Protein chains: 2
Amino acid sequence: MKLTYKGDYALKAVLDLALHYGQEPVTSHDLAKRIDAPAKFFEQVLTELKKGGIIESRRGNEGGYLLSKSPSKITVGDIIRIIEGPIEPIACVKENYANCTDVNRCVFRNIWQKVYQATSDIIDHVTFEDLMAQVKGQQQIATYSI
Amino acid sequence: MKLTYKGDYALKAVLDLALHYGQEPVTSHDLAKRIDAPAKFFEQVLTELKKGGIIESRRGNEGGYLLSKSPSKITVGDIIRIIEGPIEPIACVKENYANCTDVNRCVFRNIWQKVYQATSDIIDHVTFEDLMAQVKGQQQIATYSI
DNA sequence: TGTATACTCTACTAAGTTAGTAGGAATAGT
DNA sequence: ACTATTCCTACTAACTTAGTAGAGTATACA
């Protein structure tokens, strides 16, 4: 796994939309501003998230983007797979991979399999509901500590 | 973590050298042939492994490369860090990272920290002695099963 | 001392990825 | 009709990956 700017923007955008879940759509412009991403580049990220089925859009005045399902049903892994592609360290980790002479005997494949498993165990079990809870908790602390 | 060809060649080369540990040096040419890597490109990989302190070289006739320490003292993580660089999914995972406005509050950083930890827990604990044992075990089975 | 053998060093390149930029077309609400 | 917004296509500079090319340097051995 390696996180690019695109993935970083995408995660922040989805978290922002999660915090606005059930409310009015949020414009690309507002999102980009809040997460400090170049507006035009960020549009492309939103397009990919839409194609991936994570968000939907409303055009025209009062339009914008919103989550297409509950934050509890979206994981960090979902976003990463859509934006960054497969998370396997090497392609042979996947089942039915034919380009290797002897997949079953390769001592390194076991290692990459474990790394893949460990990584997805983490990112596929963190939902945006979890993240919202953390963010809200932090805001409380911040308020109290002033 | 993403494994490039360079990393793949490096791991295979070190395993091959581990299997020849205590014996005569192995030439770059022979290694490249056995692991099916382009000879000239592969030379660069060996240079990096040498700079990384994993292997040493003997020039001239009867020369070649050999491990600079016991296979039990070299891990997969050592090779990956030398060839592929840092294994953190994003730079902010490292300690004293200044380029972030609020590292302590970022809910995503926790996740990448965990991914980093899980990945290094795996690759830093597999030694080339372990891998040698696996390879030798497989050869036995292969012999018996004919 | 010569020579074959093997490592060493520097430079170049084609293809792909990353992180954008640019400009306009389509659509929806007032 | 006007304005705000998403949608679509194309372009680009910088960087990385996976090599290639060719000359230079050290060593063992005859």
Side-chain angles (χ1 to χ4, degrees), chain A residues 1-13 17 20 24-52 54-68 80 82-87 89-91 99, chain B residues 1-13 17 20 24-52 54-68 80 82-87 89-91 99:
Chain A
M1 250 303 306
K2 200 205 141 195
L3 197 69
T4 66
Y5 272 77
K6 237 178 187 166
D8 187 47
Y9 294 153
L11 289 170
K12 287 175 181 168
L17 290 176
H20 289 85
E24 301 296 293
V26 183
T27 67
S28 167
H29 181 263
D30 283 358
L31 275 173
K33 211 169 168 185
R34 277 203 290 271
I35 72 183
D36 197 36
K40 274 303 215 175
F41 181 57
F42 180 63
E43 276 182 18
Q44 296 174 27
V45 178
L46 291 174
T47 302
E48 288 180 46
L49 287 173
K50 195 190 166 186
K51 277 184 190 160
I54 301 294
I55 61 179
E56 43 193 68
S57 59
R58 301 280 155 80
R59 277 177 146 184
N61 207 347
E62 304 284 291
Y65 292 91
L66 17 73
L67 289 193
S68 58
I80 295 302
I82 288 166
I83 303 291
E84 309 283 10
I87 68 171
I90 189 170
N99 292 26
Chain B
M1 250 303 307
K2 202 203 142 199
L3 197 69
T4 65
Y5 273 76
K6 236 177 189 170
D8 187 46
Y9 294 153
L11 289 170
K12 287 175 181 167
L17 289 176
H20 289 85
E24 300 297 292
V26 184
T27 68
S28 167
H29 181 262
D30 284 359
L31 274 173
K33 211 171 170 184
R34 277 203 289 272
I35 71 182
D36 198 36
K40 273 301 211 176
F41 181 57
F42 180 64
E43 278 182 15
Q44 296 174 25
V45 179
L46 291 175
T47 302
E48 289 181 44
L49 287 173
K50 195 188 167 188
K51 277 183 190 162
I54 300 294
I55 61 179
E56 42 193 71
S57 58
R58 301 279 156 80
R59 279 176 142 179
N61 206 349
E62 304 283 292
Y65 292 91
L66 17 74
L67 289 193
S68 56
I80 295 301
I82 288 166
I83 303 292
E84 308 283 9
I87 67 172
I90 188 169
N99 291 26

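Below, chain A is the first sequence line, B the second, and so on; all start at residue 1. Quick caveat: nothing in here was measured; it's all calculated off a predicted structure.
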Which listed nucleotide ([options]) is nearest to the side chain of [X]?
X: B:Y5; options: D:dA4, D:dC7, D:dA18; answer: D:dA18
X: A:Y65; options: C:dT18, D:dT6, C:dG20; answer: D:dT6
X: B:R59; options: D:dA21, D:dT25, D:dT17; answer: D:dT25
X: B:E43; options: C:dT8, D:dT6, D:dG19; answer: C:dT8
X: B:T4; options: C:dC7, D:dT6, D:dT17; answer: D:dT17
X: A:S57; options: D:dC7, D:dT20, D:dA28; answer: D:dC7

Basic-acidic side-chain contact under 4.0 Å: B:K40, B:E43: yes

What's [X] touching, base or sugar-phosphate or nothing? Going by heavy atoms closer than 4.0 Å.
X: B:F42; answer: nothing
X: B:K51; answer: nothing
X: A:S28; answer: sugar-phosphate

Roughly how many Å is it from [atom1] in [X] to [atom2] in [N], rounded to a whole number?
X: B:I83; N: D:dA18; atom1: CD1; atom2: P; value: 12 Å
X: B:K6; N: D:dC15; atom1: NZ; atom2: C1'; value: 14 Å
X: B:F41; N: D:dT16; atom1: CZ; atom2: P; value: 15 Å

Residue whose nearest DNA chain D nucleotide is more 5′ - B:E84 or B:E62: B:E84

Within-4.5 Å side-chain heavy-atom neighbours: B:E84 and B:L3: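 Side chain of B:E84 against side chain of B:L3, heavy atoms only: contact under 4.5 Å found.
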
Audit row: B:K50, B:L46, side-chain contact (heavy atoms from CB on, under 4.5 Å) steps and yes/no: CA-CA 6 Å; B:K50 195 188 167 188; B:L46 291 175; over 6 Å; no

Non-hydrogen atoms of A:Y9 and A:I35 that approach each other most closely: O-CD1, 3.6 Å

Side-chain N,O (A:K2) to OP1/OP2 (C:dT18) below 4.0 Å: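 Checking C:dT18 against A:K2, no side-chain N or O comes under 4.0 Å of OP1 or OP2.
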
